[in-house]
Amino acid sequence: MPELPEVETTRRGIAPHCLGKTVSRLVVRQGQLRWPVPAALSTILPGQSLLAVERRGKYLLLQFAAGTAIWHLGMSGSLRLVEASSLPGKHDHIDLCFTSGLCLRFNDPRRFGALLWQPAAEPIEQHSLLAHLGPEPLSDTFDSAYLLARSRRVRVALKPWIMDAKVVVGVGNIYANESLFNAKLHPEQLAGSLTAKQAERWVAAIKTILQYAITRGGTTLRDFVGGDGKPGYFAQELNVYGRGGEPCTACAKPLVEIRLGQRSTVYCPRCQKLPKVNRKP
DNA sequence: AGTATCTCCTGCGTGC
DNA sequence: TGCACGCAGGAGATAC
């Protein structure tokens with residue numbers, strides 16, 4: 001499941017092979033993704049050369065002279081570089097082919113992904129999907145002062161709150177769980193009751209874990225040319241995610257699993273205490 | 001306006 | 001071996 005580290009890993013993996021390359025054609029085998037792939041893309045992209053591969057949150061931004069392709073991997077999507085001649089497999093929905101003979105192939109079994117287009121005439125940051133996004137978690141604008149200020153009078157539990165992309169982008173379920181554990185914060189603590197010290201711990205935990213996950217290639221390792229995805233080393237280093245009932249890595253007490261905002265949430269009842277005062281502010 | 005719930009989709013694990 | 005079922009989840013849409 002691509003979270004920010006995996007999207008960033010994808011960006012870094014494909015960029016060296018695609019930058020400056022000219023699109024030969026776009027093949028859309030299944031255009032019914034989260035939103036329909038704009039049909040016009042197949043005529044717009046050929047002839048365009050790829051000027052930059054950027055990332056905003058979990059959105060990959062492929063910049064061309066005519067505009068920017070916005071590519072989201074959803075939760076089961078992946079991009080891989082293959083020879084244009086290689087046969088597409090099941091769920092290989094889109095090929096972005098370059099004249100070099102390489103092809104950026106999008107595979108997405110659950111089709112939660114998306115490929116959209118913002119013409120160059122309209123600034124990419126004004127696209128409706130990007131316009132209201134919060135800061136990048138690894139940027140300096142995401143600090144404890146921001147988090148604390150943003151949390152005032154918020155009556156939502158910390159866990160679902162931090163997963164809100166308007167607060168900060170790129171913190172999905174895995175890293176929400178892990179960062180709360182590392183910062184010793186209870187997932188059900190109300191955001192409005194966050195203290196300055198807690199905000200500091202949490203911001204540091206989020207930055208550390210995301211940065212570390214990027215260096216380890218995300219939760220899934222991927223050979224971007226040819227090879228397939230395989231479980232990354234990072235998956236084995238998770239402290240709480242997917243470990244409900246198992247012993248806490250810090251104190252050995254069994255981890256508790258609950259549902260919070262329809263999402264699986266795992267925490268240590270000993271290491272992550274609710275504050276005495278957790279009333280709605 | 002802030003908060004909670006619903007929804008899209010397929011693969012996988014489980015129980016019968 | 002096969003089937004029904006529940007679950008997984010990013011994040012926009014919709015409903016309170």
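Numbers restart at 1 for each chain; the letters A, B, ... are given by sequence-line order, proteins then strands. Values reported hereafter were calculated over all heavy atoms of this structure, with side chains retained and with hydrogens, waters and symmetry mates removed.
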field: Position toward the 5' end of DNA chain B (nearest nucleotide), A:Val156 or A:Gln262
entry: A:Val156

Partner residues of A:Phe181 under the ring-ring contact (aromatic ring centres under 6.0 Å, His included) criterion, sequence neighbours left out: none

task: Could you list the residues that satisfy side-chain contact (heavy atoms from CB on, under 4.5 Å) with A:Gln30, not counting sequence neighbours?
output: A:Gln32, A:His93, A:Arg111

Taking [atom1] from [X] and [atom2] from [N], how many angstroms apart are they, rounded to a whole number?
X	N	atom1	atom2	value
A:Arg56	C:dA11	CZ	P	12 Å
A:Leu4	C:dG9	CG	P	17 Å
A:Trp35	C:dA11	CH2	P	9 Å
A:Leu73	C:dA11	CG	P	10 Å
A:Ile70	C:dA11	CD1	C1'	15 Å
A:Leu133	C:dG12	CG	P	7 Å
A:Lys58	C:dG10	NZ	P	5 Å
A:Glu3	C:dG10	CD	P	5 Å

Look at the side-chain N and O atoms of [X] and state whether any lies under 4.0 Å from the OP1 or OP2 oxygen of [N].
X	N	result
A:His72	C:dG10	no
A:Tyr59	C:dG12	yes
A:Tyr241	C:dG9	yes

Tell me, please, which residues at least two apart from [X] pass salt bridge (Lys or Arg N to Asp or Glu O under 4.0 Å).
X	result
A:Arg243	A:Glu246
A:Asp92	none
A:Lys90	none
A:Lys159	none

task: Return yes if a side-chain donor-acceptor contact under 3.5 Å exists between A:Ser76 and A:Asp108, otherwise no.
output: yes

Acceptor/donor pairs from residues 248-260 of chain A side chains to any protein atom, 3.5 angstrom cut, sequence neighbours excluded:
{"unit_1": "A:Thr249", "atom_1": "OG1", "unit_2": "A:Asn239", "atom_2": "OD1", "d": "2.8"}
{"unit_1": "A:Glu257", "atom_1": "OE2", "unit_2": "A:Ser264", "atom_2": "OG", "d": "2.7"}
{"unit_1": "A:Arg259", "atom_1": "NH2", "unit_2": "A:Gln262", "atom_2": "O", "d": "2.7"}

- prompt: Less than 4.0 Å between a side-chain N and a carboxylate O, is that true for A:Arg11 and A:Glu8?
  reply: yes

message: Looking at A:Asp95 and A:Arg25, is any side-chain nitrogen of the basic one under 4.0 Å from a carboxylate oxygen of the acidic one?
response: no

message: Students often get this wrong, so: under 4.0 angstrom with heavy atoms, is A:Leu129 touching a base, only sugar-phosphate, or nothing?
response: sugar-phosphate

- prompt: Using a cut-off of 4.0 Å on non-hydrogen atoms, how would the nucleic acid contact of A:Trp161 be classed: base, sugar-phosphate, or nothing?
  reply: nothing

query: Could you write nucleotides 8-13 of chain B as a row of B, S and -, 5' to 3', where a protein heavy atom under 4.0 Å of any base atom gives B, of only sugar-phosphate atoms gives S, and otherwise -?
result: BBBS--

Provide a list of protein-nucleic acid N or O atom pairs under 3.5 angstrom, restricted to nucleotides 14-16 of chain C.
none

Show me the side-chain donor-acceptor pairs of residues 130-139 of chain A shorter than 3.5 Å, one per line, residues at least two apart or across chains.
{"unit_1": "A:Glu136", "atom_1": "OE1", "unit_2": "A:Arg55", "atom_2": "NH1", "d": "3.0"}
{"unit_1": "A:Glu136", "atom_1": "OE1", "unit_2": "A:Arg55", "atom_2": "NH2", "d": "3.4"}
{"unit_1": "A:Glu136", "atom_1": "OE2", "unit_2": "A:Arg56", "atom_2": "NH1", "d": "2.9"}
{"unit_1": "A:Glu136", "atom_1": "OE2", "unit_2": "A:Gly57", "atom_2": "N", "d": "2.7"}
{"unit_1": "A:Ser139", "atom_1": "OG", "unit_2": "A:Glu136", "atom_2": "O", "d": "2.8"}
{"unit_1": "A:Ser139", "atom_1": "OG", "unit_2": "A:Thr141", "atom_2": "OG1", "d": "2.8"}

task: Enumerate the residue pairs fulfilling ring-ring contact (aromatic ring centres under 6.0 Å, His included) with a member in residues 42-82 of chain A, sequence neighbours excluded, ordered by first and then second residue.
output: A:Tyr59-A:His72, A:Trp71-A:Phe106

field: Overall bend - the helix from B:dG2-C:dC16 to B:dC16-C:dG2, comparing terminal axes fitted on five pairs, nearest 10 degrees
entry: 50°

